[in-house]
Chemist: 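Let me give you the structure first, and then I'll get to my questions.
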Amino acid sequence: MSKALLVLLIFLPYSFCQKSVKELATSLLKFEEGTHKNGICYAYKDSRGFPTIGYGKLCSTKTVANDAEARTACKSLVSVCSAAKAKQWLSDEINSKTSCVQTTANIKAAYDKASNYRKAIIISMAYQLGCAGLSGFKKTLSYMANGQWANAATEMLDSAWNRQTPNRAKRHSHVIRYNNCGDFCSNYGW
């Protein structure tokens, strides 16, 4: 057997196991954003007070006081919601965030240096914070762009984002630092 064929046979299965960035981001965001305990089409007030449906789809940028107000704010989305529609909303939002990540200079520099796992984390952060919010992580993104993953992971925890969603921030920081998801891989579907 030739060396080239042997190398191909060794690495071929590995390449077929690789998930795309979108697949990784989708499974990660399904976990991180979750759905309401009453179902994917149940509108609720999220942790920051915004009316939300599906996998973290905002119905409005105005905060609400409770789930009843969220249901009113989300009425037009509830009427068209289904499991397939929620997946489509998630897919569309991932596409949108991937686009803004690739057109925001300091985020793009970090994204271009990242592995697929780290790219999925960057997209998740853009999903949660918006690209404008993520671009404010100047030191974190600079460390990423320079391949200084441990420094980036430490820096991202020194933020209001970490104080608001500490468990998510710690999981994301772990992936940035180690390029793997550790004990929570099954949560992410990785």
Chemist: Below 4.5 Å, heavy atoms only, C-beta onward: do Asn95 and Lys22 meet side chain to side chain?
Modeler: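 Yes, side chains in contact.
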Chemist: Rounded at 0.5 Å granularity, tell me how far CZ in Arg177 sits from CD1 in Ile121.
Modeler: 13.5 Å
Chemist: Taking salt bridge (charged side-chain N to carboxylate O under 4.0 Å, His left out) as the cut-off, I'd like each qualifying pair that reaches into residues 92-121, sequence neighbours left out, listed once.
Modeler: Glu93-Lys97, Lys108-Asp112
Chemist: So, do Tyr44 and Asn38 sit near enough that their side-chain heavy atoms are less than 4.5 Å apart?
Modeler: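 Result no, sub-4.5 Å side-chain heavy-atom pair not found.
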Chemist: Within the structure provided, determine whether Thr154 and Tyr143 are in side-chain contact (heavy-atom separation under 4.5 Å).
Modeler: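 When only atoms from C-beta onward are counted, Tyr143 and Thr154 do not touch, as no gap falls below 4.5 Å.
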Chemist: Hey, are the side chains of Val80 and Trp89 touching, using non-hydrogen atoms and a 4.5 Å cut-off?
Modeler: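 Side chain of Val80 against side chain of Trp89, heavy atoms only: contact under 4.5 Å found.
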Chemist: For Ile94 and Ile123, which heavy atoms make the closest approach, and how far apart are they?
Modeler: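 Here Ile94 and Ile123 meet closest at CG2-CG2, 4.3 Å.
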Chemist: Do the non-hydrogen side-chain atoms of Trp161 and Met156 ever get within less than 4.5 Å of each other?
Modeler: yes
Chemist: What class does the angle between the rings of Tyr42 and His36 fall in, given that below 30° is parallel, 30 to 60° is tilted and above 60° is perpendicular?
Modeler: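 Plane angle between 30° and 60°, so tilted.
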Chemist: State whether Arg168 and Glu33 are salt-bridged, where the test is any N-O pair (Lys NZ or Arg NE/NH1/NH2 against Asp/Glu carboxylate O) under 4.0 Å.
Modeler: yes
Chemist: Ignoring hydrogens, what is the shortest heavy-atom contact between Ala120 and Ala25? Give both atom names and the distance.
Modeler: CB-N, 3.8 Å
Chemist: Give me each pair satisfying side-chain hydrogen bond (donor to acceptor under 3.5 Å, both in side chains) with a member in residues 181-190, each pair once, sequence neighbours excluded.
Modeler: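 Applying side-chain hydrogen bond (donor to acceptor under 3.5 Å, both in side chains) to every pair that reaches into residues 181-190, excluding sequence neighbours, yields Ser27-Trp190, Glu32-Tyr188, His172-Tyr188.
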Chemist: Report, as yes or no, whether the 6.0 Å neighbourhood of atom OH on Tyr178 holds more than 12 heavy atoms from other residues, nucleotides or ligands.
Modeler: no
Chemist: Please examine the side chains of Ile122 and Val101, heavy atoms only from C-beta on, and report whether any two atoms are closer than 4.5 Å.
Modeler: yes
